[in-house]
Asks: 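If you scroll down you'll find the structure; I have some questions about it.
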Amino acid sequence: MASPYEILGVDPDADEAEIVDAYRERVKETHPDQGGSTEAFRAVKTAFERIENGWEPGDAVPERDASGERADPTDAAEPAEPERPPEPEGVKVEYLNYEVMADKLWELTDDDLFEKAADGGLDPEDYGEFYVRDSESLLEAAERQGYAWPFACRGGACTNCAVAVVEGEMPSPSSHVLPSELHDRGIRLSCIVAPETDAKIVYNVKHLPAVQDLLLPASRFEASSTD
């Protein structure tokens, strides 16, 4: 059974920067939009998390539990005292899937959009929140959480990874393909932006008509992928 280091394709003595770089490359390679599979994508995420949590060569690789996820052999042990969860690192982003929003006939301009989403009993892949670290783009943070958000190039040269910023500050670099009218409406490319404040965003807005007109096949941008 492959170890977390083998899954990421790095040596056990790799430093933190090498591990992070390898992780980012592997999530791109295994992403369903790039010909990978959901299982391989999630295996890469799990491997990275195990290394972050102190997995060492020689440690047992947990078997899959009944749900299909890898079970941690320490899960069954009762801690002597409840441990306080660590403080989240980074800026909080609340997200909503545009396809779900459209199916429910909600609008980006609804004042109570995220209140309706919170009360809607939505699947965690469609609505929830996570934290974006200082060194990450919005897309990278979503992938670290195991979400296969759409993308094509990662270089700001297409709109497949577009999101709508409903609340919060998320400035764009100067080099991107979005026309000014879309940018002024809060549309951003998740591969090249990061939130400066807590934010609420709708992802998967490549299906928004004004954005959909700008979509191009991922194969056109293979050379535009960036680290």
Side-chain angles (χ1 to χ4, degrees), residues 27-28 30-38 41-42 45 92-130 132 136-173 175-195 199-222 224-226:
V27 293
K28 285 187 273 186
T30 58
H31 194 288
D33 278 0
Q34 306 301 305
S37 68
T38 300
F41 180 83
R42 288 177 175 166
K45 171 183 177 288
K92 183 173 74 173
V93 170
E94 192 174 353
Y95 63 86
L96 172 64
N97 186 350
Y98 177 81
E99 286 188 314
V100 170
M101 187 197 83
D103 285 345
K104 292 184 175 292
L105 303 181
W106 298 339
E107 299 288 343
L108 283 170
T109 53
D110 291 346
D111 291 338
D112 60 346
L113 175 60
F114 279 82
E115 285 77 4
K116 290 186 289 191
D119 295 336
L122 302 180
D123 187 274
E125 292 194 0
D126 295 322
Y127 169 77
E129 64 182 42
F130 57 75
V132 181
E136 295 177 316
S137 69
L138 179 62
L139 180 61
E140 288 170 340
E143 290 174 339
R144 178 170 51 80
Q145 302 299 317
Y147 301 129
W149 286 10
F151 81 92
C153 80
R154 292 180 178 263
C158 69
T159 59
N160 295 63
C161 72
V163 301
V165 180
V166 175
E167 185 177 307
E169 297 295 326
M170 203 172 301
S172 290
S175 56
H176 59 77
V177 299
L178 291 175
S180 57
E181 58 268 24
L182 282 180
H183 195 267
D184 292 345
R185 288 171 56 186
I187 305 301
R188 300 289 187 269
L189 302 179
S190 64
C191 70
I192 58 171
V193 299
K200 296 180 179 180
I201 65 101
V202 174
Y203 77 93
N204 212 17
V205 298
K206 66 178 184 177
H207 299 293
L208 186 69
V211 176
Q212 198 169 33
D213 293 342
L214 300 173
L215 291 181
L216 289 172
S219 60
R220 290 282 301 276
F221 295 103
E222 290 176 352
S224 301
S225 297
T226 60

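What you are looking at is a predicted structure, and each value in this text was computed from that prediction instead of being measured. These numbers come from the heavy atoms of this one structure, side chains and all, not from hydrogens, waters or symmetry mates.
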Asks: For Cys191 versus Gly155, what's the shortest heavy-atom pair and its separation?
Replies: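 The pair with the smallest heavy-atom distance is SG-N, 3.8 Å.
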Asks: What residues, two or more places apart in sequence or in another chain, satisfy side-chain contact (heavy atoms from CB on, under 4.5 Å) together with Ala164?
Replies: Leu108, Ile187, Val202, Val205
Asks: In Å and rounded to the nearest 0.5 Å, what is the CG to CG distance from Leu96 to Leu122?
Replies: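 Leu96 atom CG to Leu122 atom CG measures 7.0 Å (nearest 0.5 Å).
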Asks: Among all residues two or more places apart in sequence or in another chain, which pass the ring pair (Phe, Tyr, Trp, His ring centres under 6.0 Å) test with Phe114?
Replies: none
Asks: Residues in side-chain contact (heavy atoms from CB on, under 4.5 Å) with Thr30, at least two apart?
Replies: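 Partners of Thr30 under the side-chain contact (heavy atoms from CB on, under 4.5 Å) test: Arg26, Ala40, Phe41, Val44.
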Asks: Within the structure provided, determine whether Lys206 and Thr159 are in side-chain contact (heavy-atom separation under 4.5 Å).
Replies: no
Asks: So which atom in Val193 and which in Pro171 form the shortest heavy-atom distance, rounded to 0.1 Å?
Replies: CG1-O, 3.6 Å
Asks: How would you list, by chain and number, every residue that makes a side chain to side chain donor-acceptor pair (under 3.5 Å) with Glu125, sequence neighbours excluded?
Replies: Arg42
Asks: Sequence neighbours left out, what passes side chain to side chain donor-acceptor pair (under 3.5 Å) with Tyr98? Give chain and number order.
Replies: none
Asks: Measuring from Glu143:CD to His31:NE2, what's the distance to the nearest 0.5 Å?
Replies: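 It comes to 5.0 Å.
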Asks: Ring centroid separation for Tyr203 and Tyr147, is it under 6.0 angstrom?
Replies: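 No, ring centres 6.0 Å or more apart.
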Asks: Could you tell me whether Gln212 atom CD has more than 12 heavy atoms of other residues or ligands within 6.0 Å of it?
Replies: yes
Asks: Distance-only criterion, 3.5 Å: show the donor-acceptor pairs between side-chain atoms of residues 176-186 and protein atoms not counting sequence neighbours.
Replies:
| residue | atom | partner | partner atom | Å |
| --- | --- | --- | --- | --- |
| His176 | ND1 | Leu178 | N | 3.2 |
| His183 | NE2 | Ser172 | OG | 3.1 |

Asks: Could you check if a side-chain atom of Gln145 sits within less than 4.5 angstrom of a side-chain atom of Tyr95, using non-hydrogen atoms only?
Replies: no
Asks: Kindly write out the residues that satisfy side-chain contact (heavy atoms from CB on, under 4.5 Å) with Pro124, not counting sequence neighbours, or none if the list is empty.
Replies: none
Asks: With Glu167, which residues qualify under side-chain contact (heavy atoms from CB on, under 4.5 Å), at least two apart?
Replies: Lys200
Asks: Are side-chain heavy atoms of Met170 and Ile201 found at a separation under 4.5 Å?
Replies: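 A side-chain contact under 4.5 Å exists here.
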Asks: For residues Val100 and Asn204, determine if any side-chain heavy atom of one lies less than 4.5 Å from a side-chain heavy atom of the other.
Replies: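 Of all side-chain heavy-atom pairs linking Asn204 with Val100, none is under 4.5 Å.
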Asks: Pairs in or reaching into residues 103-122: which pass side chain to side chain donor-acceptor pair (under 3.5 Å), with residues at least two apart or in two chains?
Replies: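 Every pair satisfying side chain to side chain donor-acceptor pair (under 3.5 Å) with a residue in residues 103-122: Asp110-Lys116.
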Asks: Got a second to check how far Leu189's CG is from Ser137's OG, nearest 0.5 Å?
Replies: 11.0 Å
Asks: Not counting sequence neighbours, which residues clear side chain to side chain donor-acceptor pair (under 3.5 Å) with Lys45? List them please.
Replies: Glu49
Asks: Is it true that a side-chain atom of Ser190 and a backbone atom of Cys161 form a donor plus acceptor pair closer than 3.5 Å?
Replies: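 Yes, the answer is positive, given that a donor and an acceptor are paired below the 3.5 Å cut-off.
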